[in-house]
There are 2 protein chains.
Amino acid sequence: MVKITDVARRAGVSPSTVSYALSRKRPISEETRQRVEAAVRELGYRPHAGARALGGSRSNVLALVVPLRAGIDVPVVMRFAVSVVTAARGHDHDVLLLTQEEGEEGLRRVADTALVDALILMDVQLRDPRLPLLRSLGRPSVMIGFPSEATGLTCIDLDFRAAGEACVEHLAGLGHRVVALVGSPPEVYVRGTAFAQRVVQGFTGAADRAGLASAVHPCEATPAAARRVAERLLREQPALTGVVVHNEAVLEPLVDAFARLGLRVPGDLSITAICPDALAEGLRVPVTSIALPAAEVGARAVELLMRKLAGEEVPEATLLPPRLTRRASTGPRALA
Amino acid sequence: MVKITDVARRAGVSPSTVSYALSRKRPISEETRQRVEAAVRELGYRPHAGARALGGSRSNVLALVVPLRAGIDVPVVMRFAVSVVTAARGHDHDVLLLTQEEGEEGLRRVADTALVDALILMDVQLRDPRLPLLRSLGRPSVMIGFPSEATGLTCIDLDFRAAGEACVEHLAGLGHRVVALVGSPPEVYVRGTAFAQRVVQGFTGAADRAGLASAVHPCEATPAAARRVAERLLREQPALTGVVVHNEAVLEPLVDAFARLGLRVPGDLSITAICPDALAEGLRVPVTSIALPAAEVGARAVELLMRKLAGEEVPEATLLPPRLTRRASTGPRALA
DNA sequence: ATGAAAGCGCTAACAC
DNA sequence: GTGTTAGCGCTTTCAT
């Protein structure tokens with residue numbers, strides 16, 4: 001293994017100079033830096049991660065806690081994970097994967113052993129039991145999602161409440177008077193998963209303010225459940241003409257189910273969704289949707305963490321404004 | 001931060017005794033071990049990961065390279081990842097997440113910096129460019145999947161060829177004479193992804209041996225593509241009565257498409273799949289399937305790695321035999 | 001602008 | 001069965 005002293009010898013400088021030349025933590029003459037860098041290249045030097053962590057008290061590793069619980073859409077989780085890894089690499093950090101099952105003990109372990117410098121959490125619940133731990137961990141963290149009370153912590157996410165509102169307002173603007181929200185699986189609400197709750201709040205609030213009749217239906221992530229919800233919707237709200245879908249897994253089956261029930265989209269029914277753009281675009285009838293900007297959220301979560309690691313103050317809350325893209329699935333309410 | 005010397009002082013022993021008491025790398029009297037463990041608990045001691053890696057030349061971290069390429073089913077990838085993380089934790093290891101995009105440079109980096117002790121690779125291709133690198137990396141690795149030539153390396157996977165064969169034999173045993181394979185998306189074959197190719201080989205070989213007429217159809221991972229394939233199948237093989245599906249994403253849409261084309265399952269058409277049991281069970285018509293044992297593969301991959309880290313010899317190839325579960329989707333061929 | 005040297009916290013070889 | 005001690009390879013004062 002080639003070590004810093006090898007590089008130093010080759011470049012004709014001291015080890016500390018090599019260290020500083022690479023970290024740029026103190027001025028090094030252009031000429032020596034060139035020599036050091038040449039030596040690094042020639043020898044294929046790679047600093048030993050453990051030694052670096054021990055000497056410098058920075059491991060350059062982030063922990064990412066991913067949810068794997070019922071009702072969470074796996075492809076969406078993966079999109080976040082990939083964007084976090086990619087962004088982290090852009091800041092010379094690697095990502096350690098933790099599963100939610102490891103729980104608080106897992107967080108404590110990787111923090112206390114200095115395996116990681118900082119943590120990113122997904123699938124935050126409104127009253128998340130991990131919050132006190134995060135506050136006392138002594139390492140920066142960022143949550144993707146908003147608990148109800150997050151003083152002293154850092155959160156980032158799409159503004160799901162505004163997203164729910166925007167969907168309703170879009171439908172209201174098209175003249176629709178009776179709307180429904182097809183939401184996440186019931187267990188997601190039971191657990192108090194933050195983003196799902198906020199969509200409901202936004203949806204209901206906006207509907208009330210606009211004087212629309214509205215209803216909310218949780219929905220399992222199966223096509224069969226989608227069909228049942230479609231039938232129930234028409235039975236319970238015969239005048240329904242606008243639907244908001246916040247459930248990636250059932251968007252397509254739901255659209256199919258409506259079609260099979262003889263409803264034209266957008267002729268009889270306008271549909272909007274909150275989901276990744278790729279999903280909304282790819283359907284037979286492209287769906288008007290609010291993008292779920294996983295890549296942006298992941299990248300900005302990492303950036304926030306980097307700034308915290310650098311000792312900067314960062315805002316406690318970062319809410320990304322919803323961006324609605326009109327597609328073929330929404331249109332003006334048909335005259336009766 | 002509480003360190004090993006703190007524990008030593010508290011327990012009234014030397015630091016090395018603490019180290020040995022915890023690692024059990026040399027005999028320690030029952031009594032002192034008790035004292036040490038008590039001290040550890042009282043002080044909440046956690047060994048510093050970096051120091052451990054530096055002193056012991058073991059980081060207790062594994063690298064997992066996950067594929068994120070077109071045509072790969074994300075939920076399946078996630079199942080593997082989770083099983084690897086879980087198994088690794090069972091051996092006191094953590095998992096560093098690498099994306100395929102990082103490529104060979106990423107592998108070299110985490111190995112050379114001693115960030116990880118060993119590596120697990122998914123999505124292996126028949127002629128995988130990473131093989132020479134793996135051989136020269138100086139760290140143990142395990143591939144989930146089989147390249148065509150893997151001398152000196154370690155591979156594990158479901159025996160996909162046998163899986164393809166077993167599906168055909170099951171159908172042949174039920175009297176079917178004309179069969180088709182609906183496979184992975186075309187790009188998967190173009191890349192030479194090992195497991196997909198092997199299914200084709202097994203399928204075709206078994207069909208030939210049994211004297212069945214057979215055809216293979218790659219299929220994009222979209223419901224629309226599934227519908228097109230269904231139609232094409234009936235057009236090109238009018239006598240078709242047996243279908244093997246090796247494509248998680250289209251299994252359900254395909255079954256639906258056949259239904260909409262007026263075909264009864266299993267009355268007119270028998271269907272078998274190679275996919276996770278949960279998927280096959282959950283459909284409206286539960287599908288006879290060969291399980292994709294992600295949890296077992298992940299766990300055994302980790303075990304192989306642990307044994308290699310311990311200096312043991314392990315078999316180069318571990319092929320898990322396919323396990324076929326009969327469900328409602330297959331039955332005897334109807335008499336014409 | 002550079003160098004010398006003292007740690008960082010742990011493991012393991014070497015005593016006893 | 002336990003203690004002493006010399007590293008592991010890097011970062012970072014403290015000198016110059």
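Sequence lines set the chain letters: A, B, ... in the order given, protein chains first and strands last, and positions in each chain run from 1. Excluded from the calculations below are hydrogen atoms, water molecules and symmetry mates; all remaining heavy atoms, backbone and side chain alike, are included.
The nucleotide whose nearest atom lies closest to any side-chain atom of A:Ser29 is, among D:dC10, C:dC10, C:dA1, C:dA1. With D:dC10, C:dG9, C:dG3 as the choices, the nucleotide that has an atom nearest any side-chain atom of B:Lys3 turns out to be C:dG9.
You'll find the side chain of A:Asp157 stays beyond 4.5 Å of the side chain of A:Leu320, heavy atoms only.
Ion pairing between A:Lys308 and A:Glu316 fails under the 4.0 Å rule for side-chain N and carboxylate O. A:Glu31 has a carboxylate O that lies under 4.0 Å from a charged side-chain N of A:Arg35, or vice versa, which qualifies the two as a salt bridge.
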Which protein N or O atoms sit under 3.5 Å from an N or O of nucleotides 12-14 of chain D?
unit_1: D:dT12; atom_1: OP2; unit_2: A:Lys25; atom_2: NZ; d: 3.3
unit_1: D:dC14; atom_1: N4; unit_2: A:Arg26; atom_2: NH1; d: 3.4

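Note: CZ (B:Arg9) to C1' (C:dC10) measures 15 Å, nearest angstrom. One interatomic measurement links the two molecules: CG of B:Asp117 to C1' of D:dC8, which rounds to 15 Å at whole-angstrom precision. The CG-P distance, from A:Leu54 to C:dT11, rounds to 11 Å in whole Å. Between A:Leu43 atom CG and D:dG9 atom C1' there is a gap of 15 Å when expressed in whole angstrom units. Straight-line distance from the CD1 atom of B:Ile4 to the P atom of D:dC8: 19 Å, rounded to whole Å. For the pair A:Ile28 CD1 and C:dG3 P, the computed distance is 8 Å after rounding to whole Å. Per the geometry, CZ belonging to A:Arg58 stands 13 Å off C1' belonging to D:dT11, to the nearest Å. Summarising the geometry, the separation between CZ on B:Arg24 and C1' on D:dG1 is reported as 15 Å, rounded to the nearest angstrom.
In A:Glu313, the CD atom is not crowded: 12 or fewer heavy atoms of neighbouring residues, nucleotides or ligands sit closer than 6.0 Å.
Applying the salt bridge (charged side-chain N to carboxylate O under 4.0 Å, His left out) test to residues at least two apart or on different chains, the pairs with a partner in residues 116-127 of chain A are A:Arg69-A:Asp123.
In this structure, CE in A:Met1 is found 8.0 Å from OG1 in B:Thr113, a value given to the nearest 0.5 Å.
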